[in-house]
Amino acid sequence: METEEQATKQKRIVCIAGPTACHKTECAIELAKRIGGEIVSADSVQVYFGMDIGSAKPSLEERQGIPHHLIDCVPIDSPEFSVSQYRELAKEAIAGICSRGNVPIVVGGSGLYLNALTYPLGFAIPRNDEVRARLSAAYDEHPQAAFQRLLDVDPETAKRLHPNDKKRVLRALEVYDCSGKPLSSFGDDFQNEAGEQAPFEPLLFGLNMDRAILYERINLRVDRMMQQGLLEEARRIYDAKFASDLPALRSIGYQQLFSYFDGECSLEQAVEQIKQDTRRFAKRQLTWFRRDLRIRWFDATEFGQCKEHILREMETLFLEFWKGTNE
RNA sequence: AGGGGCAUGAUGUAAUGGUAACAUAGCGGUCUCCAAAACCGUUCUUCUGGGUUCGAGUCCUAGUGCCCCUG
């Protein structure tokens, strides 16, 4: 009985979510200093070596001695990196933090990554590039037919997907072709087929701010990235001539500069595009996080002024959440 | 100052005198192995005044603003 309880307590984590450029990094580091935390990044780009400026990795100085995990752990040309791999690496990192008696603070803007840690997502059938290529060709040939097939084999999934959503239609067919079972039979956020629990029980904080100010911050931050050498960083990656379909290369801040290197637009246009794409990304992040009712939101519009207040509040909620946990 | 041209949403454009349209931005949403990805939905428009006409973004007229040419 006691060991079981011990096990649940071991699984607690603190998370900080929110759109890009809303002080998540600083907030997390300050919180870590107060509660004895170590930081686990939940960011799909910070995992890559060499993508530093564009992904806004905190510098060693900014980290203030707080250990950071899941930053710089995959090479850019690692095509097999995916959410489930992220989850495995994060689990290891969190286990390490707990063994040191520290508090894991998961920080990041990749909603799916956070959900992979806090919901029992299944990921039962790994991707299969051969099957996928075949399905993709069939879809391009005749999209309606592909969607019709999904309607036949997995009506439940088909019903919630738009026929134009090629990626998900293909994924659903891929799962069916590889397993003989419809994707919908593998469960949803709240239960997976194997009946496993969520890996961790989170205390979820969200940071948000006035939209206009957030957009201003994004624009300024992109300018600052350019001053810090984003162009050179992107050039290095461009010159390494990786396969062009690598997911990492489609990250914001890089793909736009690659267009500039390819002569498709001016540098000014590329920078404007980075700003716009980042703003839209922030909006999508908010759409994702807004529907997560577990999140306790904080307004970081005037972060400089309310920092103390926010951190004190977070600390109080944390102590409540952490009460009774093992030493 | 004279001559010419233009004026349509936040922006760029379309519409033989006959239901004002498209793209982009903006806003909202979806999300179970590429997720900083991919996909879906949606608000807003004829410069001002007069006139012709059954009917005007379109034609006439005055004004206002912008652009080009000449000086």
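Lettering follows sequence order; numbering is per chain, from 1. Because the structure is predicted, anything quoted here is derived from the model rather than measured.
- A:N164 has no side-chain polar atom (N or O) that falls below the 4.0 Å cut-off from OP1 or OP2 of B:C39.
- Taking 4.5 Å as the limit, some side-chain heavy atom of A:L207 sits within range of a side-chain heavy atom of A:C27.
- Ranking B:C39, B:G26, B:C33 by closeness to the A:R171 side chain, first place goes to B:C33.
- For the segment residues 225-250 of chain A, residues with any heavy atom less than 4.0 angstrom from an atom of RNA chain B are, sorted by number, A:D245, A:P247, A:R250.
- With rounding to whole Å, A:D165 atom CG is found 18 Å from B:G29 atom P.
- Side-chain contact, A:Y254 with A:E233: a donor N or O sits under 3.5 Å from an acceptor N or O.
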Would you be so kind as to tabulate the donor-acceptor pairs closer than 3.5 Å made by side chains of residues 225-232 of chain A, with sequence neighbours excluded?
none

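- Two residues, A:T287 and A:V45, neighbour RNA chain B, and the one matched to the more 5' nucleotide by heavy-atom proximity is A:T287.
- Residues of residues 292-302 of chain A having a heavy atom closer than 4.0 Å to RNA chain B: none are found.
- The aromatic ring centres of A:F205 and A:F298 sit less than 6.0 Å apart.
- Considering only the side chain of A:K283, B:G28 comes nearest among B:G28, B:C33, B:A38.
- Remark: A:K323 engages A:E320 in a salt bridge, criterion side-chain N to carboxylate O under 4.0 Å.
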*Under a cut-off of 3.5 Å for both distances of each Watson-Crick or G-U pair, what dot-bracket string does RNA chain B give, using [ ] for crossing pairs and | for inter-strand pairs?*
(((((((..((((....[..)))).(((((.......)))))....(((((..]....)))))))))))).
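- One hydrophobic cluster, built from ILVMFWY side chains closer than 4.5 Å, holds both A:W297 and A:W288.
- Mapped onto RNA chain B by nearest heavy atom, A:S55 and A:F186 fall at different nucleotides, with A:F186 at the one closer to the 5' end.
- At least one side-chain nitrogen or oxygen of A:R290 sits closer than 4.0 Å to the OP1 or OP2 atom of B:G29.
- Contact annotation: A:R284 reaches the phosphate of B:A37 (side-chain N/O to OP1 or OP2, under 4.0 Å).
- The aromatic rings of A:F81 and A:Y48 stand perpendicular to each other, their planes meeting at an angle above 60°, with 30° marking the opposite boundary.
- Judged by distance alone with a 3.5 Å cut-off, no donor-acceptor contact links the side chain of A:K167 to the base of B:A35.
- Residues from residues 110-117 of chain A with heavy atoms under 4.0 angstrom of RNA chain B, sorted by number: A:S110, A:L112, A:Y113.
- Taken residue by residue, residues 149-162 of chain A places heavy atoms nearer than 4.0 Å to RNA chain B at A:R160, A:H162.
- At least one donor-acceptor pair under 3.5 Å links the side chain of A:D154 to the backbone N or O of A:S184.
- When the side-chain nitrogen and oxygen atoms of A:R211 are compared with OP1 and OP2 of B:G28, one or more of them lie within a distance under 4.0 Å.
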